[in-house]
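Have a look at the structure below before the remarks.
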There are 2 protein chains.
Amino acid sequence: MTLVTIAQASAITGISAKMIRHYESIGLIAAPLRTENRYRHYSDSDLHDLGFIRRSRDLGFSFEDIRQLLSLWRDRGRSSAEVKAIALRHIAELDQKAAALAAMSRTLKRLAASCHGDDRPDCPILEALDPPFITETHTNP
Amino acid sequence: MTLVTIAQASAITGISAKMIRHYESIGLIAAPLRTENRYRHYSDSDLHDLGFIRRSRDLGFSFEDIRQLLSLWRDRGRSSAEVKAIALRHIAELDQKAAALAAMSRTLKRLAASCHGDDRPDCPILEALDPPFITETHTNP
DNA sequence: ATTGACCTTACCACAATGGGAGGGTGGTAT
DNA sequence: ATACCACCCTCCCATTGTGGTAAGGTCAAT
């Protein structure tokens, strides 16, 4: 069993030492072994978990999702349906966020296209941000 | 000049009273009039700015961008090029984020499609998150 | 014995938003 | 008058994921 320091674990997994400690503090990973001088030392199993977390993060999973995924990974009796359900929900969130961003981008592109972008002050972008009318909209009369 | 309370301003602009106070605290909007009892009262001009902020926020602009956009809106001698530059930079950021999300979604969809999602434990999603090998990658020998 | 590279904990910060505590104000209903 | 309710106020804390910084301990080599 190889043991590495936190800086080495960071270099191997691509997760900053700062974040590794943070993952430990929120209970996402188990507390690693400590040498007499209180230095953390990570085992292969620890490194596996960190790598798992790294890949999950790269796919945009939240810590809460990662917690569940790690737990399922460890559970030999898991059903793949549980994993898939987490993934599908996350996919839906990703698609929703991407669609929202794309909608903003589309709107802005249309506005930017109609903005001449020279020294003159008139600009359809600002006009679009300008509220058209502030009437006394009594929502509660 | 109509003056409305913060709750009315919130109803009109769709920005929570909480956020309106926050915008004031960070200097995004000017401090509104106060009545003797320290209650905030918003003028049409204040409401305009809040509406402007609301629309900018809906397009995903950061507070810093909004600060500049508002300042340009007020500046009669602005050049539309300045506004367009902010918009184009923001569009690039939006597209980049959307592309990143879409890439995650694509990867996950591929994995989810190959996961049978039943009671059996084997799952390509978990396999993808599983680091393939933890060799002793001595980055610093 | 000093330097420099590592490690430790413990704070603070970000963007944008919400929640809640604890207290003041004002109008209305009894 | 008094109780009640709706509104307002200021503070503080939480979120998510990441980074910074400070102040100190440890260790190997010079």
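Quick note on labels: first sequence line is chain A, next is B, and so on, each numbered from 1. Quick caveat: nothing in here was measured; it's all calculated off a predicted structure.
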Within the structure shown, what part of the strands sits under 4.0 Å from A:Arg21 by heavy-atom distance: base, sugar-phosphate, or nothing? base

Closest nucleotide among D:dC8, D:dT10, C:dC7 to the B:Arg38 side chain: D:dT10

For [X] and [N], give me the distance from atom [atom1] to atom [atom2], rounded to whole Å.
{"X": "B:Ile15", "N": "C:dT17", "atom1": "CD1", "atom2": "C1'", "answer": "12 Å"}
{"X": "A:Tyr39", "N": "D:dG24", "atom1": "OH", "atom2": "C1'", "answer": "11 Å"}
{"X": "B:Asp65", "N": "C:dA15", "atom1": "CG", "atom2": "P", "answer": "12 Å"}
{"X": "B:Glu24", "N": "C:dA16", "atom1": "CD", "atom2": "P", "answer": "18 Å"}
{"X": "B:Glu93", "N": "C:dA15", "atom1": "CD", "atom2": "C1'", "answer": "13 Å"}
{"X": "B:Glu36", "N": "D:dC9", "atom1": "CD", "atom2": "P", "answer": "15 Å"}
{"X": "B:Arg34", "N": "C:dT25", "atom1": "CZ", "atom2": "P", "answer": "13 Å"}
{"X": "A:Asn37", "N": "C:dA5", "atom1": "CG", "atom2": "P", "answer": "19 Å"}

Is the closest basic N to carboxylate O distance between A:Arg120 and B:Glu82 below 4.0 Å? no

Using a strict threshold of under 4.0 Å (side-chain N to carboxylate O), is an ion pair present between B:Arg89 and B:Asp65? yes

So, OP1 or OP2 of C:dC7: does either fall under 4.0 Å of a side-chain N or O from A:Thr5? yes

Contact under 4.0 Å: A:Arg40 side-chain N or O vs C:dC7 OP1/OP2: no

About how many Å separate CG of A:Leu69 and CD1 of A:Ile86, when rounded to the nearest 0.5 Å? 4.5 Å

Distance check, rounded to the nearest 0.5 Å: A:Gln68 atom CD versus A:Leu72 atom CG? 7.0 Å

How about B:Asp95 and A:Ser105: does a side-chain donor come under 3.5 Å of a side-chain acceptor? yes

Report yes or no: do B:His41 and B:Asp46 form a side-chain donor-acceptor pair below 3.5 Å? no

Treating A:Ser71 as the side-chain partner and A:Arg67 as the backbone partner, does any N or O pair qualify as donor plus acceptor under 3.5 Å? no

Going 5' to 3' along nucleotides 13-20 of chain D, which nucleotides have protein heavy atoms under 4.0 Å from the base (write B), which only from the sugar-phosphate (write S), and which from neither (write -)? ----SBSB

